[in-house]
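This report concerns only the one structure given below.
For this chain, numbers begin at 1 and follow the sequence in order. This one's a predicted model, so the numbers in the text were calculated from it and none came from an experiment.
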Amino acid sequence: LRPNQTLHTDSPDLPECFQLSVLSWLPCVYLWLACPPYLFYLQRNNKGYIMMSILNRVKTVFGLVLWIVCWTDLFSTFHELRQGDTKPPIYFVTPLVVGMTMLLALFLIQFERLKGVQSSGILFIFWFLSVLCAIVPFRSKILQAKYQSEISDKLRFTTFYFYFSLIVAELILSCFNEKPPLFSNIDTDPNPCPQSTAGFLSTMTFWWFTSMAIKGYKNPLEAKDLWSLNKRDSSEVVVPKLLREWEVEQAKAHSAEDQSTQALYSKPPSPEEVEVLLSKQKDPKKPSFLRSLIKAFGPYFLIGSAFKLLQDLITFVNPQLLKLLISFTKQKGAPTWWGYALAFLMFFAAFLQTLILHQHFQYCFVTGMRLRTSIIGAIYRKSLIITNAAKRKSTVGEIVNLMSVDAQRFMDLTTFLNMLWSAPLQIILALYFLWQNLGPSVLAGVAVMILLIPLNAAIAVKTRAYQVEQMQYKDARIKLMNEILNGIKVLKLYAWESSFKDKVLEIRQKELNVLRKTAYLGALSTMAWTSAPFLVALTTFAVYVTVDKNNILDAEKAFVSLSLFNILRFPLNMFPQVISSIIQASVSLKRIQDFLSHDELDPESVDRNNTATDSSVSVVNGKFTWAKQDPPALHNINLMVPQGSLLAVVGHVGCGKSSLVSALLGEMEKMEGDISIRGSVAYVPQQAWIQNATLRDNILFGKAYNEQKYRCCLEACALTQDLEVLPGGDLTEIGEKGINLSGGQRQRVSLARALYNEADVYLLDDPLSAVDAHVAKHIFDHVIGPEGALQGKTRILVTHGISFLPQVDNIVVMVEGRVSEMGSYQELLKQNGAFAEFLRNYSLEDIIEEDEATEALIDDEEDFPDDALSNHTDMVDNEPVVNEAKRQQISIISGDLENPKSRSVRKRLCSERKHAESDPEKKLPKVEKLIQAETAETGRVKSKVFWEYAKAVGPLLSLFICFLYGCQSAAAIGANVWLSQWTNDAAQNVTQENVSMRVGVYAALGMAQGLLVMVSSFTLAMGNIGAARKLHYALLDNKFHTPQSFFDTTPIGRVINRFSKDIYVIDEALPSTVLMFLGTFFSSLSTMIVIVTSTPIFAVVIAPLAFIYIFVQRFYVATSRQLKRLESVSRSPIYSHFSETVTGTSIIRAYGRHNAFVLMSDMKVDENQKSYYPGIVSNRWLGVRIEFIGNCIVLFAALFAVIGKDKLNPGLVGLSVSYALLVTMSLNWMVRMTSDLESNIVAVERVKEYSETKTEAPWEVEDKKPSSDWPSQGNVEFSDYSVRYREGLELVLKNLTLSVKGGEKIGIVGRTGAGKSSMTLCLFRLLEAAGGEITIDGVKISEIGLHDLRSKLTIIPQEPVLFSGSLRMNLDPFEKYSDGEVWKALELSHLNKFVSNQPAKLELECSEGGENLSVGQRQLVCLARALLRKTRILILDEATAAIDLETDDLIQSTIRTQFEDCTVFTIAHRLNTIMDYTRVLVLDKGQIAEFDTPTNLLFRRGIFYGMAKDAGLAQ
């Protein structure tokens, strides 16, 4: 290489030898190196072959011609050798090598076609390199031809131009795509993702995404516009992959455990050894979830890591180029093409870095996405099979958290994980270059960095601790909110809102305090973050200048060092973050691992294919427990149920009836004994489990629809009348947990489901408790009884109803967890045991004299088996009880029954449907959905929302914050401008005098910047926390004042979402987004200012670049915001489906619908990822485009510096270009932040929306406050009273007029949905009158405050709702009563034995929804509440449904004695409870049908008489 010929001329050229060797071999070497791994990859990933296309043929022909051209050169060299004209060996080697490489390329073109590659990156890079390398000889050959009169080597001249034109053609052709391979799923997919067919260039620049960006910009994206998920990212591929690895891990751990236990018992060891062994034994090897994750997703992730490595290396090219550029501006005589070459090289290096970085991100994010899919899938599958003990350890909320929070953490971690090795690498490289630049003075800077690390680490650790603390508060708050919203109706009925509101606010206050502490730390760390590079630069420069008089800080050194420091800044800041994020993920990992390692139910515990015995259900010596460590709940159970018989199970509350059913289902831990069941099982739980689907889907439960069979089921379960009342017939959508069905309807739907799913064995857990007596009779006769639809099937019926016992084949009497007697009705009566006693007290004739019997019973406690609820500590009812306080018949009453036309239409529809099965959709009436779909806002976020947020922060504070940020940027620019002045001293040789002055001012400016940063970020955080407090308070306050109808039509999940997700965003995500946004905005601004001041011509470029920037930004923001919304709307179904599943696991398992539910969950996850994936890609798409603009800024800054180099001093060049190198990052972040800000501010919008819903009447009206002893008599009058559930629905009660004297006892009866419960709701004003009014003791209840009214009435509600907390809190949340009064109430409600046997007494912790008490006990707790309040008016709503007769009797007698002088309204199912009431009110379709004393009504032979006859109370 001759430098004069090459570098220092204005028209440079390279010598021919170099051209022929290095330049020709470079692409060849690349291709031969890349080939083997690539071929291996293709062998593994075969996509099917592609047909020969014209494109492919042309490529192949060109390749052949290229080979011929190369070898023509070779043969001509041989020919010349023959002629005796010896050439150097390079003339043989090069054509040979190039020719061979062309053959390899030819082979690759065909091989890729056979393996289904549509566009090849490897070959594209090869052709590109070849063209690049051929440009130099191309130019030099033309130059030679220009200077020489004739061309010396005509043949080679011609072949070369042939060669050049062919490789250019190949390059252009390789930009195009082949058709997709045959038989690929592209053809079958309705909306395939264009990525799979995108070419190499399109993949690198994410061009394939543009179509969606445009679509999203034109009009808001909808779910149907989304591309299908790539097969390789879908649940069906990803989840099994992880589960396989996890099973391998578990198997390993088990085998290790077995060995260790064998080692323990192999030889009798000495006592010391035993000690040692035991201490080792304590910690068996756990299966590692991490290892299975790495095995499943590691390899794919590593590809991303390889990209990261490349990118790290290229990062350091630019500072070196900057160095050359600055030295170039110093040299006056250098040829200008140097400058241009440098400028374009800078641009090219930056652009390459951009492309590689985004490929790396793409790989990482896709890995993250797969991780999330697989973790959610694994958790879902696990939750279906964990034991009850394990389920008790983690509540539904916690498991949903595993899915939402912990899986999310993994997803976030994958993006940073590579920083673990990349950060140290970048730091080492940067230090190496700095050392070259400044020598040992760098160590001073490094020392500062190292000192800052422990500070950052300390802050990170502290923040982490605060985060954990805050998570706990957040969990506690959400758990409490969840219970409050589930039991909101009870809170309203008892007027307990304010007590619970204070509880929430107390937790919230703690949460905000922690947030404030976190904000202090955040401000500190932000300061450390922004000042770090500056401090490092300051110390380094100061030391460098002072160490040695000869050290002169010139522009090259200063600005190259600065740009290296800026590179250093990122890894140094990321490193602690990565560490903390890894710590978080490890916590999550442990939680997930623990959950996935929980015990599973043993599928073999129930022997399903037993053919030996003739009985279809048999239990031999069964001993069962809920959890291994608990005492057994059932012991020595022996049962034989012959095929086809009906067995009734009776016993007191909490004696283990439900547990027996659970044991038969295999839901309990079997300690000893055998169970066998022949054939399939259908199960009806005590508390019906209803899915959020249509009524028909709930009954079919995955079976095919068969019109006739379906109609029969409905008929048998007495659902036909109910369907006529529902707005959409059996296609009515049923809300979460079945809230728009009454208790009885839900129970019957549950029964119909069992009936439709023809099984061999039916386990019915008290299915008749929630329905009215005559309906119960109908169901028994038509379904369960000897003549019913189930005759010939084996039925096990848990029941409290005596009237059906004579008709069953066998009866099992349970006492305290064991079978006390068994036999037919007659046999048991003969045996004269507990059962006979039980019956004798409750025999049907005695019901009228029940009063005396009860009285006698209470005097004579001895006969009584130890106070009905003696010491069963183990009262867990197996079915997790869902707090369903919301069960009123909402919207049941909107079918238009009075209108005969609509009736006939429906009938006609039915018959038509039979003929036109093909197209049922068109014929069905439009179903009015109860639960409106959650609205996803579309379009731009209104500026109004930003203003709302600014108002919440405080308008003046907002302005002040912006001002602070401006000052901070000014200080930063000042410092750097000062530095460039300082470096110019070097040129004028006036350095020594004012070094100290230069250093001092530089330091002062930097310090000022650091301080301002801290103040501004702190002020911002304070403002944000203030806003968060205000917004949450408004939301909470509004939700407590919202009328009941809102909760009936809004799924709880949606409200909870506002309290968890959206408040979380306002608490944590928004502040950091605002912080970043302001930071990036001001830094981009300052960059522009600096570049324009140094090279004013740059202003010309700003306009077009800004235009492109804004253009891209609008496309991106429109699309990405909508994608985020779609993503969050599709996320909640995953969780709501999940929590629904968790509450119904026993049913799903009993019916064997396990796999179907797993599939449903997978579909929901895929649906969610479908909108998440384009979201990731949109970020990459944006990144490539924005960074391209940033790279253009670098290019122009450098170009203008080169053009104006005579006028500029090197200091300014350095300043403007080093600023330009920084701008890419801030531009990219700015768009990202704008978009994040828009999507996060939506949270404010959503919270606002729910804090402004319509409220109910005020709790207290000061001027209308009733006197403190009101109501003293308890007279209640309805005058012409009508009411409806919601606007636009039919009236539920129509023009009721009745008056009740104080102290009367009124029974209210009527068919389900006749408006019985509505009457009680009216008294409490949960429903506001549509006409007429109610007066109590002369006070119109519509005029006084709600709390004043509700606190003076007492209700024992239909569904006993308990809140988690102490028993004491559940009885008396305001702590108004003394302990003595509370005990008295417990005694009267017959709970005192049970409570005093508990170690914690009154502080007994009730679990969520009171699950650790049986349903009966919960009902008694509600009775105790009523006794404590002791008001003049008592309402009993179906209170006696879930209780056996004995407890029922206790309650009735308690009510008769304790509420003797009160007015009592009872909504009765069992008529015997109200036979001795003063009067009975019979409702029918919302009107009074009959109202008189029971005797008169029986005499009148009306509706009441009919009901009494069904219940066997009248002849």
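- Inter-residue side-chain proximity for Trp207 and Val1184 is flagged as unmet; no heavy-atom pair is nearer than 4.5 Å.
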Q: With side chain to side chain contact (heavy atoms under 4.5 Å, CB included) as the test, would you mind laying out the steps for Ile1203 and Tyr340 before giving the verdict?
A: CA-CA 9 Å; Ile1203 292 169; Tyr340 294 136; 4.0 Å; yes
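- Closest of all the heavy-atom pairs between Ala349 and Val317 is CB-CG1, 4.2 Å.
- Note on ring orientation: taking the six-membered ring where Trp is involved, the planes of Tyr41 and Tyr38 are parallel (angle under 30°, cut-offs 30° and 60°).
- Below 30°, between 30° and 60°, or above 60°: for Phe1188 and Phe351 the angle between ring planes is above 60°, a perpendicular geometry.
- Using cut-offs of 30° and 60° for the angle between ring planes, the Phe361 and Phe365 rings count as tilted.
- Residues Val1217 and Phe559 have side chains not in contact (no heavy-atom distance under 4.5 Å, counting atoms from C-beta outward).
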Q | Check against side-chain hydrogen bond (donor to acceptor under 3.5 Å, both in side chains), Gln311 and Lys308 | A | CA-CA 5 Å; Gln311 190 253 342; Lys308 180 75 178 141; 3.3 Å; yes
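- For the pair Arg1185 (side chain) and Trp1181 (backbone), a donor-acceptor distance under 3.5 Å is present.
- In this structure, Leu123 and Glu112 have side chains that are in contact, with non-hydrogen atoms separated by less than 4.5 Å.
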**Q.** Test log, rule side chain to side chain contact (heavy atoms under 4.5 Å, CB included), inputs Leu106 and Trp67
**A.** CA-CA 9 Å; Leu106 201 63; Trp67 172 62; 5.9 Å; no
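- Taking the six-membered ring where tryptophan is involved, the planes of Phe1196 and Phe1200 are essentially parallel, since the angle between them stays under 30° and well short of 60°.
- At least one side-chain heavy atom of Phe206 sits less than 4.5 Å from a side-chain heavy atom of Gln362.
- By the 30° and 60° cut-offs, the orientation of the rings of Phe124 relative to Phe200 is tilted.
- Aromatic ring pairs are classed by plane angle as parallel below 30°, tilted from 30° to 60° and perpendicular above 60°; the pair Phe1107 and Phe1111 is parallel.
- Here the OG atom belonging to Ser563 is positioned 8.5 Å from the CD atom belonging to Gln320, to the nearest 0.5 angstrom.
- Nearest heavy atom pair, residue Phe126 against residue Ala105, reads CE2-CB, 4.2 Å.
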**Q.** Worked check of side chain to side chain contact (heavy atoms under 4.5 Å, CB included) between Leu55 and Lys59
**A.** CA-CA 6 Å; Leu55 178 66; Lys59 276 191 203 168; 4.2 Å; yes
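- Qualifying salt bridge (Lys or Arg N to Asp or Glu O under 4.0 Å) partners for Lys215, counting only residues two or more places apart in sequence or in other chains: none.
- Of the possible donor and acceptor atoms, none in the side chain of Asn1191 sits under 3.5 Å from a partner among the backbone N and O of Val1194.
- Sequence neighbours left out, not one pair with a member in residues 1212-1221 passes salt bridge (Lys or Arg N to Asp or Glu O under 4.0 Å).
- Closest non-hydrogen pair, Gly216 versus Thr1119, comes out as CA-OG1, 3.8 Å.
- At a threshold of 4.5 Å between non-hydrogen side-chain atoms, the residues Lys323 and Asn437 count as touching.
- Ring geometry for Trp208 against Tyr1173 counts as parallel: the plane angle stays under 30°, on a 0 to 90° scale with 60° as the upper cut.
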Q.
Met1088 vs Ile1193, test: side chain to side chain contact (heavy atoms under 4.5 Å, CB included). Steps then yes/no.
A. CA-CA 9 Å; Met1088 295 304 165; Ile1193 293 178; 3.6 Å; yes
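- In this structure, Leu26 and Tyr30 have side chains that are not in contact, with every pair of non-hydrogen atoms separated by 4.5 Å or more.
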Q: Could you please spell out the steps behind the side-chain hydrogen bond (donor to acceptor under 3.5 Å, both in side chains) verdict for Gln359 and Tyr363?
A: CA-CA 6 Å; Gln359 283 307 313; Tyr363 276 98; 5.4 Å; no
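- In this structure, the side chains of Cys35 and Leu108 come closer than 4.5 Å at one or more pairs of heavy atoms.
- With hydrogens and angles ignored, the 3.5 Å screen pairs a side-chain donor or acceptor of Ser1218 with a backbone N or O of Leu1215.
- Considering only heavy atoms from C-beta on, Lys218 comes within 4.5 Å of Ile214 through its side chain.
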